[in-house]
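Okay, structure first, notes after.
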Amino acid sequence: MRKRGRIGVAFLILTVVLVAGLAVAGRQPEPPPLLTLDDAIGFEVAGGWRVVQSPDLAGPYRRGGLPHQTAKGQGGGARWRNRMGEASHQFVSQQGAEQLAVPLETVDGRLTVAVLAR
């Protein structure tokens, strides 16, 4: 009888651990924090980039994807998409300047772009 009691307790503990594990696994991850424009592009600014075109939507922001960079004097385009829509940027060739488009997501999930150069 004593062995049955131990098996019952072990089964109960295993069940609680399993249910707790499933609850944690099913949680949605916390979204990244909202930032000012200066904080959102602080890494790039520290690397020598400067803003040449501010986002057309007001912040605060979170990063909305990977930045797209063009080489000196090159043009081109970039496009990002999220669940709320898309944002794009057409680079105009600038002699002697690299350009970087950084996608940013607003509080309501819309995408916008900050353009930097160095």
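Counting from 1, the numbers follow the sequence of the chain as shown. For clarity, every value in this text was computed on a predicted model and none was experimentally measured.
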Min side-chain heavy-atom separation Asp38-Val45 under 4.5 Å:
no
Would you kindly confirm whether [X] and [Y] end up in one hydrophobic cluster when ILVMFWY residues are joined by side chain heavy atoms under 4.5 Å apart?
{"X": "Leu116", "Y": "Leu37", "result": "yes"}
{"X": "Val52", "Y": "Val113", "result": "yes"}
{"X": "Ile41", "Y": "Leu100", "result": "yes"}
{"X": "Val102", "Y": "Leu57", "result": "no"}

For [X] against [Y], the heavy-atom pair lying closest together:
{"X": "Pro67", "Y": "Pro103", "result": "CA-CD, 3.9 Å"}
{"X": "Ala58", "Y": "Tyr61", "result": "C-OH, 3.5 Å"}
{"X": "Arg62", "Y": "Pro33", "result": "CB-O, 3.8 Å"}

Evaluate the criterion side chain to side chain contact (heavy atoms under 4.5 Å, CB included) for residue pair Leu104 and Leu35; output intermediate values, then yes/no.
CA-CA 10 Å; Leu104 301 168; Leu35 306 167; over 6 Å; no
Residues joined to Val107 in its hydrophobic cluster, side chain to side chain under 4.5 Å directly or through other members, sorted by chain and number, are Leu34
Is the backbone of [Y] close enough, under 3.5 Å, to the side chain of [X] for a donor and an acceptor to pair up by distance?
{"X": "Arg118", "Y": "Arg50", "value": "no"}
{"X": "Trp49", "Y": "Phe43", "value": "no"}
{"X": "Thr112", "Y": "Asp56", "value": "yes"}
{"X": "Asn82", "Y": "Leu111", "value": "no"}
{"X": "Arg83", "Y": "Gly109", "value": "no"}

Restricting to side chain to side chain contact (heavy atoms under 4.5 Å, CB included), what partner residues turn up for Asp108, sequence neighbours left out?
Thr106, Arg110
